[in-house]
> 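Take this structure first; my questions come after.
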Amino acid sequence: MKQSDSPSELKITRDEILADFRLANLSRNLSVIGRREVLTGKAKFGIFGDGKEIIQLAMAKQFKDGDWRSGYYRDQTWMMAMGLYNSLKFFHQLYGNTDREINPGNAGRVFNNHFSVPNINPDGSWLDLTKQKNSSSDISPTAGQMPRLLGLAYASKLFRHNKDLHKFTTLSRKGNEVAFGTIGDASTSEGHFWETINAAGVLQVPMAVSVYDDGYGISVPKKYQTTKGSISEILRGFESEKDNPGIRIFKGKGWDYPGLVKLYEEGIAICRTEQTPVLFHIEEVTQPQGHSTSGSHERYKSVERLKWELDYDPIKNMREWMIKESVATPEELDKLAAEAEEEAKTARKKGWEMFQDPIKIERDALVRIIDARSCRCNEDPKEDSVENFSEDLKRVVAPIRKDNFVTARKILRNVCGTCNKSDSLKDELQGWLKRNYADARNSYDTFLYNEMPTSVMNVQPVAPVYSEGSPEVPGRQILRDNYDKLFTKYPLLVTFGEDTGGIGGVNQSLEGLQKKFGELRITDTGIREATILGQGIGLSLRGLRPIAEIQYLDYLMYALQLLSDDLATTHYRTAGGMVAPLIISTRGHRLEGIWHSGSPMSMLINSVRGVYVCSPRDMTRAAGFYNTLLEGNDPAIVIEPLNGYRLKEKLPDNLGEFRIQLGIPEIINQGTDITLVTYGSTVRLALEAVKQLEKHDISVELIDVQTLVPFDRENMILDSIKKTNRILFLDEDVPGGTTAYMMQEVLENQRAWPFLDSPPKTLTGKEHRPAYTTDGDYFSKPSSEDIFDAVYGIMKEASPEKY
Ligand SMILES: Cc1ncc(C[n+]2csc(CCOP(=O)(O)OP(=O)(O)O)c2C)c(N)n1
Ligand SMILES: [Mg+2]
């Protein structure tokens, strides 16, 4: 071990070094106490930043207002050093305090040490992102922070090079911001890491990744994680060469305070000015308490390794360096360490009280109601007596809200049915439950979608306008001409994806637009769906309006993990603190073969709640959705019908302006005998069948739901069933897929079942993937003949004599 740098070589003051030492100690004490809180049952789970303190102090020095973080659960010291976290907030996160005012980083919705900094005000308007230190919101899936990091960095490139964006001074200082990322050594085994590094090298963006190399991913050592056991060595091929930019690689030691301070100063300066990606491989990092509270590291670390970790403890080494360089005396340092320990202890006590007090107040109110009851019928000392439940509750030393609710609900079940006086207890308990459920809902069940004035639900519809001479044009032209208007209207709008730029999309829906608006706005990317999505998430967090192109719906699966874990939960897990209004544009449903005709809509809608899902039947509707979505601040997916690009549609006059409201179905054909509900490409087939059924005297009300999430907000389908009393749900998904979802929405949520005179039915694709060729399609997915037969069958079952 060698720490040669003297303080005078570093551009920092003695006071700063002392403050860093104190903070490192504070952070370590928090980790130690935090672990104890979990092991003694006060907190549910804990994961901490012990052993990573010094790296983060050095990194924080280079983090400026306007910069962005995308990190993981070890970053507590960094967050504290930037003033974004403190000892009290540490305990709010640990206990899962749901008060958004005092625990704004995650409002108790995710594990401890998962951070975020709001990018919007409570009214939904954007904050001045250049005047604060920004942190995107952490997720637990390993390396899941990487694709988003790419987007955060890419935004700086756009803000620097696109001069039209220089006027957005609250979003960026002409792209001067660095996106800092952190990741554990083992998580670099994930594909997301490699995809991100490659894309960052290609794009040349100011992305600074630090790898905390403590040699383990939980119990699995590096030799099972990383080829040759060194991430920096195997990344050498990515390294920048003269006139051949790639990434810059730096190496440091996790215990070397002066070395790390200098390393980050040098590396981040290059990253910021040259806008080139840098990677800091920080080796010899320790994890004094082991991975998390789920186990102990003595199980998998050797005695030698454990001893090595003590010797290489970063705080111990910092202390030795400070004494050696006469920064402070041992006594001064002991005093700082003692102060830090005291602060951590005080914060624990206060944090615990702040967590417990409201729960105890809630409990006391409940106990008062129970104790004040006048009915004493059910007083036998038996298991489910009111008295017993109440006494059990009083005995709980550290109550959680669940204890209160279980007691109230179980007593309610056991209130005697014979005594008149029981009524008041029943009423009081019901009142208590109602009030407190409303509060619990607020804590746990809000902000899945944007509930602010900027919600896309507030966007008013504008009908497409046609004039006498409106021409019929291929669908792709409607999209293209609509995009032309949008790119003129919204300077923050960008789109990117595979084949999106030069040729204007595989279906020519952006034809010629790169030439007109430039490569920074309409951009080709590599084949890398996960980071295309991450790129979009990062851009949208920084106030840009990205449309991320995923070439085919079938390939959205490559990005599904992030779509589900990151994008769909952003607003929810930050309790409304952040928006990521990313639009994903893709195309799907029927065309040709297993990987170009998928319609896995149930997979999608059931894994991305939190993201709206639009399934337009044609390109006019698709364009209308883009126009609507750009007026709101919500993430959404638009699935263009793959077989509709060449079909002719009437070109609206008000391109870029007409808007389709989400969650409002359209009645395509009025009818009286049966309601047929579908969406996307099957609408056209259904319409063919409806015309044929008319000839057989069957009148079908055909409804296109248009968006699956949200679903029929005004119960239009219920109204139709009230008229027809029969229903068929149709789509190309698997049996039990989205048709089952629609059925549940209509029968259960809209309460349509009492109005049915025939059993509700579904018609779907086969269980297997759709086979190649027109015949493959015909026998894999519903055809208009199948639709005809299904409707006819329902009618025949109802009136065998008539049909
Ligand atoms: C996708 C995924 N797989 C597994 C896990 C469980 N898990 C959580 S942390 C972790 C190890 C990560 O090790 P490393 O990246 O080295 O970070 P460290 O904890 O050592 O700082 C694992 C396997 C997870 N969170 N996400
Ligand atoms: Mg590790």
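Computation of the quantities below employed the complete heavy-atom set of this structure, encompassing side-chain atoms and omitting hydrogens, waters and symmetry-equivalent molecules. Everything numeric in this text was worked out from a predicted model, so none of it was measured. Every number for a ligand or one of its atoms is a count from 1 in the order of the listing.
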> Given that the side chain starts at C-beta and the backbone is N, CA, C, O, which of these parts of Thr188 lies under 4.0 Å from ligand 1, counting heavy atoms, or is it both or neither?
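Looking at Thr188 and ligand 1, no heavy atom falls under 4.0 Å.
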> Centre-to-centre under 6.0 Å for Tyr300 and Tyr216, is that the case here?
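Here the rings of Tyr216 and Tyr300 have centres that are less than 6.0 Å from each other.
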> For ligand 1, which atoms, with element, lie under 4.0 Å from some heavy atom of Glu190?
1 (C)
> One thing to verify: whether Lys61 and Glu16 come together as a salt bridge, which I'm taking to mean a side-chain N less than 4.0 angstrom from a carboxylate O.
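The answer is yes: the pair qualifies as a salt bridge.
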> Which protein N, O or S atoms sit under 2.8 Å from the Mg ion (ligand 2)?
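Only Asp185 OD1, Asp214 OD1, Tyr216 O fall inside 2.8 Å of the Mg ion (ligand 2).
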> Taking non-hydrogen atoms only, is His291 closer than 4.0 angstrom to ligand 1 via side chain, backbone, both or neither?
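Contact part for His291 vs ligand 1: side chain (C-beta onward).
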> Identify whether the distance between the nearest side-chain nitrogen and carboxylate oxygen of Lys253 and Glu284 falls below 4.0 Å.
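Yes, charged N to carboxylate O under 4.0 Å.
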> Could you check atom 20 (O) of ligand 1 against the protein and tell me its nearest heavy-atom contact, residue, atom and distance included?
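Nearest protein contact, heavy atoms only, for atom 20 (O) of ligand 1 is Tyr216 O, 3.0 Å.
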> Strictly below 4.0 Å, N to O, side chains only: are Glu37 and Arg348 in salt-bridge contact?
yes
> Taking NZ, NE, NH1 and NH2 as the nitrogens, is one of them in Arg236 or Glu233 under 4.0 Å from a carboxylate oxygen of the other?
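Yes.
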> Could you tell me the residue and atom name of the protein heavy atom closest to atom 16 (O) of ligand 1, and the distance to it rounded to 0.1 Å?
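It is Asp185 OD1, 2.6 Å.
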> Nearest to atom 6 (C) of ligand 1, what protein heavy atom do you find, and at what distance?
Ile218 CD1, 4.4 Å
> Out of Tyr73, Tyr72, Tyr212, who is nearest to atom 21 (O) of ligand 1 when you count heavy atoms only?
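The residue whose heavy atom sits nearest atom 21 (O) of ligand 1 is Tyr72.
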> Any N or O of Arg74 that comes nearer than 3.5 Å to an N or O of ligand 1?
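Yes: some nitrogen or oxygen of Arg74 is under 3.5 Å from one in ligand 1.
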> Indicate yes or no: does Arg22 engage Glu339 in a salt bridge with an N to O separation below 4.0 Å.
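The answer is yes: the pair qualifies as a salt bridge.
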> Can you tell me which residue and heavy atom of the protein come closest to atom 15 (O) of ligand 1, and the distance to 0.1 Å?
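Answer, as residue, atom name and distance: Ser187 OG, 2.5 Å.
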> Among all the protein's non-hydrogen atoms, which is closest to atom 1 (C) of ligand 1, and how far away is it?
Thr142 OG1, 3.3 Å
> So is Gln287 close enough to ligand 1, meaning a heavy atom under 4.0 angstrom away?
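Flag set, Gln287 near ligand 1.
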> Parallel under 30°, tilted from 30 to 60°, perpendicular over 60°: which one fits the rings of His291 and Tyr73?
perpendicular
> Which one of Gly49, Ala143, Gly184 has a non-hydrogen atom at the shortest distance from atom 14 (P) of ligand 1?
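That would be Gly184.
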> Nearest protein heavy atom to atom 13 (O) of ligand 1, by residue and atom, and its distance?
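Its nearest protein heavy-atom neighbour is Gly217 CA, 3.2 Å.
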> Please check if any side-chain donor atom of Arg148 sits under 3.5 Å from a side-chain acceptor atom of Gln535, or the reverse.
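Not at all, the side chains of Arg148 and Gln535 share no donor-acceptor pair under 3.5 Å.
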> For ligand 1, is there an N or O atom under 3.5 Å from any N or O atom of Pro141?
no
> Between Arg272 and Asp67, is there a salt bridge with N-O shorter than 4.0 Å?
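A salt bridge is present here (some side-chain N lies under 4.0 Å from a carboxylate O).
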> Which value, rounded to the nearest 0.5 Å, describes the distance between Gln551 atom CD and Glu498 atom CD?
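CD of Glu498 is found 5.0 Å from CD of Gln551.
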> State the atoms of ligand 1, each with its element, that fall below the 4.0 Å cut-off from a heavy-atom position in Asp214.
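The list of qualifying atoms is 20 (O), 21 (O).
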> Under 4.0 Å between a side-chain nitrogen and a carboxylate oxygen: does that hold for Glu341 and Lys345?
yes
> Check this for me, if you would: do Arg28 and Asp313 make a salt bridge, where the nitrogen-to-carboxylate-oxygen distance has to be below 4.0 angstrom?
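The answer is yes: the pair qualifies as a salt bridge.
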> Just checking, is any N or O donor in the side chain of Gln145 or His192 under 3.5 Å from an acceptor N or O on the other one?
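Checked: Gln145/His192 side chains show no N/O donor-acceptor pair below 3.5 Å.
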> May I ask which of Gly144, Gly290, Gly51, Ser140 has a heavy atom nearer to atom 25 (N) of ligand 1 than the others do?
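When every heavy atom of Gly144, Gly290, Gly51, Ser140 is considered, Ser140 comes closest to atom 25 (N) of ligand 1.
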> Does the distance from a Lys or Arg side-chain N to an Asp or Glu carboxylate O, for Asp213 and Lys222, drop under 4.0 Å?
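So Asp213 pairs with Lys222 through a salt bridge.
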> Suppose I only count heavy atoms of Ala186 and a 4.0 Å limit; which atoms of ligand 1 are within that range?
13 (O), 14 (P), 15 (O), 16 (O)
